[in-house]
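All remarks here apply to the structure that follows.
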Amino acid sequence: MAEFPNPEQSACPPAEPTVACFWLRVALDVPLAGLFDYRASQPVAPGTRVIVPFGRRRLVGVVVETPDVPEFDAEQVREIDQVLDDTPPFQAGWIRMARFAAQYYQRPLGEVMLPALPAGLRKVTSYQGKRSAGGPVQRIDKRAAPRAEPVQAGEVPELNDEQQAAVQVIEALQGYQAVLLHGVTGSGKTEVYLRVAQAALDKGGQVLFMVPEINLTPQLEQSLRTRLVVPGVADSLAVLHSGLADGERLRAWLRAQRGQARILLGTRLSIFAPMPDLGLIIVDEEHDASYKQQEGLRYSARDLAVWCAHDRDIPIVLGSATPSLESWAHAERGNYLKLSLMRRARHVELPQVRLVDTRRLAMQHGFSPQLVEAIGQRLAQGEQSLVFLNRRGYAPVLNCASCGWVSQCPRCTAYTVLHRATGARRNYLQCHHCGYQTRVPTSCPDCGDQDLRPMGRGTQRVEEYLAQLFPQARITRIDADSTRLKGSAQALFDQVHAGKVDILVGTQMVAKGHDFANLGLVGVLNADAMLFAQDFRAPERLFAQLMQVAGRAGRHARGGEVIIQTDYPEQPVYQAVVRHDYAGFATYGLAERKAVGLPPYAFQALLTAEARELAIALEFLARARALPGDSPSSYPMVSTITLYDPVPLRVVRVANIERAQLLVESIHRPLLQAFLTQWAAMLPGLASQHRVRWQLEVDPLEI
Ligand code: ADP
Ligand code: ZN
Ligand code: ZN
C-alpha cells in the first residue's frame, strides 16, 4: 500500500492508486435512514453541498462528515459528480442543529437538511449544463443589489418603568439565557424587542426575529427597517417566509448566511437559515401554534430556537401575553427568566370584558341584543368594532327541512360548507378538509324537496346580517377566503388602519398582533365551539385566542370593551378572561395537567397511520404497539413508557384515506427518546407489510 499518496486515506480503491482520495459522508433527501458515503479527489469541507449519483439519479446533498475510512466496502463507494461552491459551506452550528432536529424528531438527517434549503440550492436542475460555475446563486448575484427603502425615522417612545427594567435585564445577559417576556396585550413588547435587538446589533451580532404569521410582518417589518441601525450597512434586514417566491427566498437566505443581513425577520422556517454571527433570538407570540410545522419534519421552531440559543450560548426572548403552559412551567421552575409587563404602554386600561349569557336570550342570527346595541353605539361614536367568529364560509352545512339530509363531503367524514357567491363565482359547497367543491343542489338529493336551508353561520353570513342591521356602516370581512390573493390581506388591513372600515368581521387572522388605533369593541360569537373540543389543550388555546382578540380593543383610547357570548359563563376559562388573569389561568391549568400527568409533566409522541380502510390502519398500530413485547431485550426502557390503545381520528376519513393514531407517553424525556429511536427503526418494515403510510410526531400539539 506504500504507493498511496496519503497513507491516512488507506482504503482508496486500488484501481486508481495515484489519485488522491477523500471520503465524504453525505446527507441526502431520500426516505432512508443514515448517511451515504462518497469519494472525492479533492478535500471537501463539512457543510459543503455536492452533487452525487444516487441509483440512476443525481441528487444534491450536504457533506456532513469527512471520515477516514468509508463505512462499507471502499470499492463500492461512488465518486461525487460536483462540488457546489456557489455558497460558503454551512457552518458547524447549522449542522449541529440539523443533527439535533433529526435525532429529536426521529427523521433521517437528509430529510431535515435538504428541505430546509431554498429550492434553488437543493435541486440538481439548478446546476444542469453548468458543470464548473452556474447554479442559482450566480444568476441571482446580479440582482442582489439591496432595494433602497425609504427610511423615515419612526416615533420613538420613551420606555416606561416596566419596559425599561425588562430591557436592562435582557441587555445585561451574557451567554445562554431564555427569557419569558410576559406582557399583556398593548404593553409594548415590540418596543422592548426593538431595544434589545439594537443592543445585540451594536455588539456585532445578528438577530433572528421570529413571528408566527406572514400577515403580522408588514407592520413590524416597517418598524425594524426604520428603527434598527447598523452603521455602514444600508439594508440590514432580510425577511423570510413561505409566501416568498423562490428567488426572493434564496436571496434572503444568502444574505443571512453571508452575514449581510444583520436582522432576519421570519416565520418558523427561518430557524433553519444559517446565521454565522447569531447573537440574539426573539420569538414573538411564542405560544402560537404556527411555530409548529404540521407536515414533513414536524418541528417546533420555538423549541428549536431555545435549543439553538443554548447551543450557540446566546440569549433568547420568548414573548407573549398568553405564554404556552410549557414555557410558563419552565419559568416557574426557574429554567427561564420571567419578565412581566403588566400595564398597557399607552396609559389606557385593558378593555372591560363582559360575558353575555346566551341561554335565556332571544338571539337574532347569532347576535345578542347587547352586542347589537354595543356595535350601534360604537358606530355612532365613530369607533370601529370587530366581530370575531372562527368559522369561514356562509354556513357550516346545508340541510333539508323535510328529510334531514345534510351536505356531506363524499371523500371525508365531514360536512361541506356553504359559500356564497362572490364576484363571478356562484354559490358552492366546499369541504374544508380536502378542498372538494360542488355546486349547491337546487333540490334535496334524497327526497327532492326544494326547502334546503343553511344551518349555523360563518363569517359571510355574519357579514350579510350586519349589513342588514347597519346599512350605513362600512363592513369588511377578513378571512382565508377574502384574502386568497397575494397582498390582499395587507390591503384589507391597511383599510382598517386608515379608518375606512366601521365593522370588521374576521377569523383568527384578525386576532393577532395588529395594533388597531380606533377599535373600541370586540364581539366574540362562537367561543363555546372550542370549549368542549377533545384535545386537552383546547382550554389553553381558547384562553389564548380570547385574550388575543380581546387585546385588539381599546389599545389607543380609553373605554375598550369586549363582549363574549356564551352558554357557559361560569366556565373557568371565561372567568379568567374577564379578570385578564393569565397567571391564575396558568396556575389552574398546570395543576390540572399535573394531576392527570399531561404535558408539561409528561412527554408525548404520536404515531399516525393512514390507509384505505380504518381497520388496516388500526391493525398496523396494534402491531406497532406490540413490537416491544415481541423483542423485549431491544426495549429495556419500555416499563417507563405508556403505549395507549390505537384510536380512529375524530375526522376519520379525509380524501378517502382513513386515519388512526397511537399515543406514546412518558414522564422521562430521554427514555422516551431512546424508545422512539428503537421503535421508529422498526416501523418502515412493518408499514410495508400493512400497506399504510405513517408518521411519527414528537411533542404533538393536537391529539
Ligand atoms: P404588544 O405587542 O405588547 O401587544 P405593542 O408593542 O403593539 O404591544 O404596543 C402597543 C402600543 O403602545 C403601540 O401603539 C406602541 O407604539 C405603544 N407604545 C409602546 N411602548 C410605549 C411607551 N413606552 N410609551 C408610549 N407608547 C408606547
Ligand atoms: Zn330531503
Ligand atoms: Zn372532503
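Every heavy atom of this structure was used, including side-chain atoms; hydrogens, water molecules and symmetry mates were not. Order of appearance sets the numbers: ligands from 1, and atoms from 1 within every ligand. One is the number of the first residue; the rest follow in order along the sequence. A quick note: this is a predicted structure, and the numbers were derived from the prediction, not measured.
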How does [X] reach ligand 1, by side chain, by backbone, by both or by neither, if only non-hydrogen atoms under 4.0 Å count?
| X | answer |
| --- | --- |
| E158 | backbone |
| L159 | backbone |
| V184 | backbone |
| S187 | both |

Pair H419 + Y394: ring centers closer than 6.0 Å:
no

Just checking Y582 against W328, ring centres under 6.0 Å apart?
yes

Hey, is CD on E349 packed in by over 12 heavy atoms from elsewhere, all under 6.0 Å?
no

Kindly indicate whether the side chain of L264, heavy atoms from C-beta on, has any atom under 4.5 Å from the side chain of M275.
yes

Enumerate the atoms of ligand 1 whose separation from the nearest heavy atom of G188 is less than 4.0 angstrom.
1 (P), 3 (O), 5 (P), 6 (O), 8 (O), 9 (O), 19 (C)

T185 heavy atoms, cut-off 4.0 Å: which ligand 1 atoms fall inside?
4 (O)

Counting both backbone and side chain atoms, is some N or O of Q163 under 3.5 Å from an N or O of ligand 1?
yes

Backbone or side chain, does any N or O of G186 fall under 3.5 Å from an N or O of ligand 1?
yes

Within the structure, is a non-hydrogen atom of G183 found at a distance of less than 4.0 Å from ligand 1?
no

Can a non-hydrogen atom of H556 be found less than 4.0 Å from any atom of ligand 1?
yes

Would you mind telling me which of Q548, R552, R344 makes a side chain to side chain donor-acceptor pair (under 3.5 Å) with T185?
R344

Looking at the Zn ion (ligand 3), is one of the N, O or S atoms of C431 less than 2.8 Å from it?
yes

Do D515 and H556 have side-chain N/O donor and acceptor atoms under 3.5 Å apart?
yes

Please tabulate, for the side chains in residues 435-443, all donor-acceptor contacts under 3.5 angstrom to protein atoms that are two or more places apart in sequence or on a different chain.
{"unit_1": "Q437", "atom_1": "OE1", "unit_2": "R425", "atom_2": "NH2", "d": "2.7"}

How wide is the angle at the Zn ion (ligand 3) spanned by C434 SG and C409 SG, rounded to 10 degrees?
110°

